[in-house]
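Below is one structure, written out as structure tokens; the observations come after it.
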2 protein chains.
Amino acid sequence: MQKNNPSWPAGIKRTKQRESVISVLENSDSPLSAMEICRQAKTKNNSVWLSTVYRILELFVREGVVTRTDITNKDMAVYELNRHLHRHYAVCLRCKRVIEMNNCPFDNFVPSFSESGFHIFGHKIEIYGYCKDCEKLFFKGKES
Amino acid sequence: MQKNNPSWPAGIKRTKQRESVISVLENSDSPLSAMEICRQAKTKNNSVWLSTVYRILELFVREGVVTRTDITNKDMAVYELNRHLHRHYAVCLRCKRVIEMNNCPFDNFVPSFSESGFHIFGHKIEIYGYCKDCEKLFFKGKES
DNA sequence: ATTACTGCAAAGCATTTGCAGACTG
DNA sequence: CAGTCTGCAAATGCTTTGCAGTAAT
């Protein structure tokens with residue numbers, strides 16, 4: 001997010017730590033944990049403390065610039081830029097790798113409820129299973 | 001889960017703590033946290049230590065008898081009996097009421113992944129929004 | 001200059017782990 | 001009676017918080 005980038009939220013002070021966090025997220029095509037963001041920021045010689053990263057993420061989530069996702073069976077939240085894309089992920093039950101889904105089952109779907117009048121704001125979908133690599137191991141395990 | 005209940009997983013030793021955990025889950029119509037399960041088990045005069053509850057839940061999840069869910073922005077996992085119903089719910093953001101959905105968006109849907117070879121075992125869907133009653137209040141709030 | 005932000009340390013809290021004694025099959 | 005499970009305590013790991021010094025506007 002460059003200077004003058006209009007998507008920098010209004011009234012939010014620029015600090016090198018905040019720009020650094022945003023920069024890491026901009027250069028990632030998958031959601032990252034706070035720890036990973038901190039590690040990558042340090043690599044770039046931008047020292048950012050982990051607690052600061054959490055504070056910055058909390059701020060940007062509140063501002064709507066970043067989204068936070070809690071993944072089942074993973075004990076860490078992951079964060080990504082809110083690119084206003086509607087996206088869901090699959091998680092490998094073994095290696096916890098997160099794989100992007102390119103479409104959404106709610107497109108062209110009309111939900112039917114047991115009670116009328118529910119106003120949907122959004123949804124969260126989580127797909128679980130085994131990734132290519134872990135499935136091999138999984139079935140190898142079953143064979144023996 | 002009574003004695004001789006065929007759904008008790010094969011080869012799993014019966015202990016009063018395990019039966020107690022399952023009993024709490026059987027008598028609940030909503031998913032419970034480990035702490036809540038522990039509390040309810042204690043109420044029934046069945047002393048179960050919290051760490052034991054976690055070990056028991058881990059075992060039953062592995063055996064497929066129980067499912068674990070992490071709820072967004074809640075820092076506790078919740079557990080429920082795996083009733084083998086394929087069902088999704090909508091949760092009201094205000095009153096937390098849970099409303100059943102009668103269909104599933106994954107019927108007749110072919111997911112597309114950014115990486116090939118992911119083997120889907122299942123999915124979880126969380127729909128959020130406002131129920132009929134809370135929506136009225138919500139919009140009343142916005143007007144004033 | 002004023003107010004907000006960060007470094008750092010330390011606390012919080014759900015969950016996990018280690019170990020010795022208790023219990024199940 | 002052998003191996004597993006539990007009580008208990010202590011550790012772990014992610015996340016939050018408190019505080020004093022630092023930086024942004």
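Below, read A as the first sequence line, B as the second, and so on, with proteins coming before strands; counting in each chain starts at 1. Only a predicted model underlies this, so the values are computations on that prediction, with no experimental measurement involved.
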- Please give, in whole Å, the distance from dG13(D) P to Glu36(A) CD? 17 Å
- Query: Which nucleotide, dG7(D), dG7(C), dC5(D), lies nearest any side-chain atom of Arg18(B)?
  - Reply: dC5(D)
- Task: Indicate, with yes or no, if the rings of Phe60(A) and Trp8(A) have centres closer together than 6.0 Å.
- Result: yes
- Message: Need the bend value for the helix from dA1(C)-dT25(D) to dG25(C)-dC1(D): angle between end axes, 5 pairs each end, nearest 10°.
- Response: 40°
- Can you tell me the distance, in whole Å, between the CE atom of Met76(B) and the C1' atom of dT16(C)? 17 Å
- Item | Residues that Tyr89(B) engages under ring-ring contact (aromatic ring centres under 6.0 Å, His included), provided they are two or more places apart | none
- Query: Whole-Å distance between dC5(C) C1' and Glu19(A) CD?
  - Reply: 14 Å
- Message: Any residue in residues 50-59 of chain A with a heavy atom nearer than 4.0 angstrom to DNA chain C? Just list them by number, or reply none.
- Response: Ser51(A), Thr52(A), Arg55(A), Ile56(A)
- Message: From OH of Tyr79(B) over to P of dA14(C), roughly how many Å is that when rounded to an integer?
- Response: 12 Å
- Task: Provide, to the nearest angstrom, the distance between the CD atom belonging to Glu63(B) and the P atom belonging to dC5(D).
- Result: 10 Å
- Note on the structure: Which of Lys44(B), Arg18(B), Gln40(B) passes side chain to side chain donor-acceptor pair (under 3.5 Å) with Ser23(B)? Answer is Lys44(B)
- Check ring-ring contact (aromatic ring centres under 6.0 Å, His included) between Phe113(A) and all other residues, then give those that pass, not counting sequence neighbours. Phe118(A)
- Message: Going by the rule salt bridge (charged side-chain N to carboxylate O under 4.0 Å, His left out), which residues pair with Arg83(A) if we only count those two or more places apart in sequence or in a different chain?
- Response: none
- Item | Length of the CH2-C1' vector between Trp49(A) and dA10(C), whole Å | 13 Å
- Report yes if at least one side-chain N or O of Gln17(A) is closer than 4.0 Å to OP1 or OP2 of dG7(C); otherwise report no. yes
- Task: Give, for atom CG of Asn102(A) and atom CD1 of Ile99(A), the distance between the pair rounded to the nearest 0.5 Å.
- Result: 11.0 Å
- What pair of heavy atoms forms the shortest contact from Thr69(A) to Glu80(A), and how long is it? OG1-OE2, 4.4 Å
- Are Leu32(A) and Leu57(A) side-chain neighbours, meaning at least one heavy-atom pair lies under 4.5 Å? no
Expected rows: protein N/O vs nucleotides 20-25 of chain D N/O, under 3.5 Å:
residue: dT25(D); atom: OP1; partner: Arg14(A); partner atom: N; Å: 3.3

- Query: So, are Arg39(B) and Glu36(B) salt-bridged, with charged N and O less than 4.0 Å apart?
  - Reply: yes
- Given dT15(C), dG7(C), dG7(D), the nucleotide with the shortest approach to the side chain of Val48(A): dG7(C)
- Message: I need the single residue from Thr52(A), Val53(A), Leu59(A) that forms a side-chain contact (heavy atoms from CB on, under 4.5 Å) with Ile56(A). Which is it?
- Response: Thr52(A)
- Query: Between Met101(B) and Asn103(B), what is the shortest heavy-atom contact and its length?
  - Reply: CE-O, 3.0 Å
